[in-house]
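No experiment lies behind these values; they were computed from the predicted model shown.
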Amino acid sequence: MPIWDGRRLRGPSAAATCVGAVLLTISLVLIHSWTHNCTGAPALVGLKLADGHQHSMKSSGSNCGRSQSGIRRKFTSISSLDAVGMLLETGEWAYLDIRRRDEQHAVGIPALPDYGEGFHTVTSHKPSFDGYMTFDSDAWLDEVQRIFPDLQQKLIVGCAAGVRSKVAAQVLEDAGYTEVMELDDGFYGWCESGLPVARP
């Protein structure tokens with residue numbers, strides 16, 4: 001049991017302390033991996049990659065900007081407030097939601113106009129039999145390429161909080177897509193900014 005100020009904690013206090021310690025550890029691992037270009041971050045935070053490849057969870061654009069090889073990343077992390085103009089005003093950008101359908105049904109999706117490139121869902125990270133979230137990037141990319149065969153398609157990739165979307169945006173860039181933006185604050189940021197939401 002956890003010890004706090006020399007006294008053993010019991011019940012909900014002990015559970016809360018353990019959960020807090022786990023969350024702190026995960027946060028520190030993510031911060032370290034993003035600031036030190038650590039490519040092993042998915043394994044450290046419980047994300048198994050089904051294709052056997054290691055994908056970086058580091059952000060590009062405004063945060064890191066360079067991979068370990070020194071090549072500048074093409075995708076850019078943007079806020080929901082920056083994305084809304086691209087999605088609602090110009091209609092040139094497609095929104096690629098990589099969340100699961102149950103996530104979308106629970107909290108909604110960005111409400112986009114009928115004109116333009118619209119809203120598309122291709123789930124990236126899926127639960128496996130052992131409880132981990134897995135990302136089979138090859139299978140996911142095949143699905144995306146069926147919807148968007150043009151490598152110059154303008155895409156804004158979004159998830160719930162801007163973590164999975166960074167991995168997915170990197171996969172798209174590695175596949176040759178040239179116009180990729182990543183929603184840094186995710187759908188939660190979209191909602192917190194008061195932007196339009198629809199039910200799927």
Can you sort out the partners of Arg199 under side chain to side chain contact (heavy atoms under 4.5 Å, CB included), two or more places apart, ordered by chain and number? none
Applying ring-ring contact (aromatic ring centres under 6.0 Å, His included), name anything that partners Tyr177, two or more places apart in sequence or on another chain. none
Who pairs with Ser193 by side chain to side chain donor-acceptor pair (under 3.5 Å), at least two apart in sequence or on another chain? none
Do Leu183 and Leu112 belong to the same hydrophobic cluster, where Ile, Leu, Val, Met, Phe, Trp and Tyr are linked whenever their side-chain heavy atoms lie under 4.5 Å apart, directly or via other members? yes
Partner residues of His120 under the ring-ring contact (aromatic ring centres under 6.0 Å, His included) criterion, sequence neighbours left out: Phe148
Shared ILVMFWY cluster between Val107 and Met133, side chains joined below 4.5 angstrom? no
Please collect all salt bridge (Lys or Arg N to Asp or Glu O under 4.0 Å) contacts where either partner lies in residues 187-196, sequence neighbours excluded, each pair once. none
My understanding is that only residues two or more places apart in sequence, or in another chain, count here; which of them pass side chain to side chain donor-acceptor pair (under 3.5 Å) with Asp102? Arg100
Verify, without hydrogens or angle tests, whether Thr134 (side chain) and Lys126 (backbone) share a donor-acceptor contact under 3.5 angstrom. yes
For Ala111, what residues pass the side chain to side chain contact (heavy atoms under 4.5 Å, CB included) criterion, not counting sequence neighbours? Pro196, Ala198
Identify every side-chain donor-acceptor pair in residues 78-95 under 3.5 Å, counting partners at least two apart or on other chains, and give the distances.
{"unit_1": "Ser79", "atom_1": "OG", "unit_2": "Leu81", "atom_2": "N", "d": "3.4"}
{"unit_1": "Ser79", "atom_1": "OG", "unit_2": "Asp82", "atom_2": "N", "d": "3.2"}
{"unit_1": "Ser79", "atom_1": "OG", "unit_2": "Asp82", "atom_2": "OD2", "d": "3.3"}
{"unit_1": "Ser80", "atom_1": "OG", "unit_2": "Asp185", "atom_2": "OD1", "d": "2.8"}
{"unit_1": "Ser80", "atom_1": "OG", "unit_2": "Asp185", "atom_2": "OD2", "d": "3.3"}
{"unit_1": "Ser80", "atom_1": "OG", "unit_2": "Trp190", "atom_2": "N", "d": "3.1"}
{"unit_1": "Thr90", "atom_1": "OG1", "unit_2": "Met86", "atom_2": "O", "d": "2.7"}
{"unit_1": "Thr90", "atom_1": "OG1", "unit_2": "Glu92", "atom_2": "N", "d": "3.3"}
{"unit_1": "Glu92", "atom_1": "OE1", "unit_2": "Lys154", "atom_2": "NZ", "d": "2.9"}

By side chain to side chain donor-acceptor pair (under 3.5 Å) - contacts of Glu117 (at least two apart): none
When clusters are formed by joining ILVMFWY residues with side-chain heavy atoms under 4.5 Å apart, either directly or through shared neighbours, do Ile98 and Val197 land in the same one? no
Consider only side-chain heavy atoms of I, L, V, M, F, W and Y, link residues closer than 4.5 Å, and tell whether Phe119 and Ile147 are in one cluster. no
Can you name the nearest heavy-atom pair linking Ser124 to Trp140, along with the distance? CA-CD1, 3.5 Å
Please give me the minimum heavy-atom distance between Phe187 and Ile109, naming the atom from each residue. CE1-C, 3.4 Å
